[in-house]
Protein chains: 2
Amino acid sequence: MNKFDFSDKLKMCGLKSTKHRIVILDILEKSNQPIAAEQVFQIMRDKDIVVNLSTVYRALDTLCEKKLVIKLNIYGDSRALFEFNRMLHTHHLICLNCKKIIVIDRCPLEEYEKTLAKETDYLIEGHKLVVYGYCPQCREKQLKKGLV
Amino acid sequence: MNKFDFSDKLKMCGLKSTKHRIVILDILEKSNQPIAAEQVFQIMRDKDIVVNLSTVYRALDTLCEKKLVIKLNIYGDSRALFEFNRMLHTHHLICLNCKKIIVIDRCPLEEYEKTLAKETDYLIEGHKLVVYGYCPQCREKQLKKGLV
DNA sequence: TTGGATGCAAAAGTTTTGCACGGTT
DNA sequence: AACCGTGCAAAACTTTTGCATCCAA
């Protein structure tokens with residue numbers, strides 16, 4: 001997706017198309033895993049884009065409101081993480097050692113949601129599933145140390 | 001579970017049995033939903049227990065390490081929440097309106113974990129599932145307002 | 001007695017806010 | 001021109017830490 005698409009996307013949501021917002025969408029879209037506001041800020045700095053951290057927070061907040069971006073709160077990280085909303089229903093597999101996050105795009109929970117709705121009389125809007133484990137690389141390292 | 005049990009539990013984990021820790025376990029055990037450190041602190045204050053907030057944080061941290069307590073990071077709350085570990089594998093159903101949290105104790109994901117392990121070569125340690133929706137009470141209120 | 005637990009104060013880290021100014025529509 | 005977005009600084013909020021003291025084992 002290129003910058004013109006981002007610009008259109010923003011306008012379609014009733015937002016002004018600003019350079020910062022486009023760059024932020026671009027950064028998140030290119031990231032293969034969710035990142036924190038501070039990291040977005042640093043990447044912008046690295047690109048020699050002068051921006052204030054509060055602007056990054058405000059932009060992320062606005063983009064989340066418009067569902068262009070998804071905000072995550074993950075165990076073990078006190079910061080919120082943000083990812084580009086690819087309009088796919090995804091889940092996350094997180095390595096407990098290196099904190100790498102893999103996005104998984106298969107969901108086994110459609111039926112479960114229906115059952116749950118019946119049982120609880122809730123109107124179910126969605127869910128978040130996070131799976132924790134150790135990635136192959138970290139498993140190997142820990143095997144060598146005799147830790148696992 | 002009474003206070004003697006908590007004392008034993010702490011000792012079995014290699015922790016000293018202190019008044020504060022016992023009270024904190026008691027508060028969490030009695031709470032029907034996960035609560036923040038600040039709330040634990042306030043409940044202690046209400047019980048006329050003089051305690052420092054940093055002690056609450058340290059105690060919760062220690063109890064989590066020993067798996068007596070579970071720490072949660074939930075979307076929409078920048079604070080961590082803590083719940084008594086009932087040694088059941090549970091999930092959470094959260095009302096997007098009133099933020100009420102229901103603990104659900106049926107898990108549809110055993111098979112899924114196995115499949116995922118095979119596919120990714122991760123050593124899966126566990127998962128967290130949070131379902132979002134609107135509770136019957138909030139649905140009714142919103143219906144009246146014509147919002148849903 | 002000894003090491004771990006606590007209180008206190010201070011710092012660190014994350015996120016939000018008020019206000020003046022600037023840019024998009 | 002109007003309104004929304006941004007920079008800056010400050011504050012708010014959550015969590016952690018250093019150190020002296022206290023308490024459970």
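Residue numbers begin at 1 in each chain, while the letters A, B, ... track the order of the sequences. None of these values were measured; they are calculated from a predicted model.
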note: M12(A), atom CE; dT24(C), atom C1'; distance rounded to Å ~ 18 Å
To the nearest angstrom, the CG-P distance between N52(B) and dT15(D) comes to 15 Å
Atom NZ of K66(A) and atom C1' of dG5(D) are separated, to the nearest Å, by 14 Å
Any salt bridge between D5(A) and K9(A), counting N to O under 4.0 Å?
no
Within a strict 4.5 Å, meaning less than it, do heavy atoms of the F6(A) and E29(A) side chains meet? yes
| Got a salt bridge between D105(B) and R86(B), using NZ or NE/NH1/NH2 to carboxylate O under 4.0 Å? | no
One would report the end-axis bend of the helix from dT1(C)-dA25(D) to dT25(C)-dA1(D), five pairs per end and rounded to 10 degrees, as 40°
When rounded to whole Å, the CD1 to P distance for the pair I49(A) and dG7(D) reads 11 Å
Over 12 foreign heavy atoms within 6.0 Å of NZ, K99(B):
yes
Evaluate side chain to side chain donor-acceptor pair (under 3.5 Å) for E83(B) paired with H92(B), printing each intermediate quantity in order. CA-CA 11 Å; E83(B) 69 176 326; H92(B) 298 90; 3.1 Å; yes
Produce the list of close N/O pairs, under 3.5 Å, pairing protein atoms with atoms of nucleotides 19-25 of chain D; give distances to one decimal.
{"residue": "dA25(D)", "atom": "OP1", "partner": "S17(B)", "partner atom": "N", "Å": "3.4"}

Scanning both residues in full, the closest heavy-atom pair of A37(A) with L53(A) reads O-CD1, 4.3 Å
Here the distance between atom C1' of dT6(C) and atom CD1 of I24(B), to the nearest Å, is 11 Å
Rounded to whole Å, the CD-P distance (E65(B) to dG4(C)) equals 13 Å
>> In the structure I gave you, are the side-chain heavy atoms of K128(A) and K128(B) within less than 4.5 Å of one another anywhere?
In response: no
Pairwise N/O distances under 3.5 Å, protein to nucleotides 14-16 of chain C:
{"residue": "dT15(C)", "atom": "OP1", "partner": "A80(A)", "partner atom": "N", "Å": "2.8"}
{"residue": "dT15(C)", "atom": "OP2", "partner": "Y57(A)", "partner atom": "OH", "Å": "2.4"}
{"residue": "dT15(C)", "atom": "O5'", "partner": "Y57(A)", "partner atom": "OH", "Å": "3.4"}

To the nearest angstrom, the NE2-C1' distance between H20(A) and dC4(D) comes to 15 Å
Side chain to side chain contact (heavy atoms under 4.5 Å, CB included) filter on L96(A), not counting sequence neighbours, yields Y132(A), Y134(A), E125(B)
Given the options N85(B), I70(B), L15(B), L63(B) meets side-chain contact (heavy atoms from CB on, under 4.5 Å) only with L15(B)
Salt bridge (Lys or Arg N to Asp or Glu O under 4.0 Å) pairs touching residues 38-67 of chain A, sequence neighbours excluded, are none
The ring pair (Phe, Tyr, Trp, His ring centres under 6.0 Å) partners of H127(A) (sequence neighbours excluded) come to H89(A), H91(A)
Whole-Å distance, L60(B) CG to dT6(C) C1', equals 14 Å
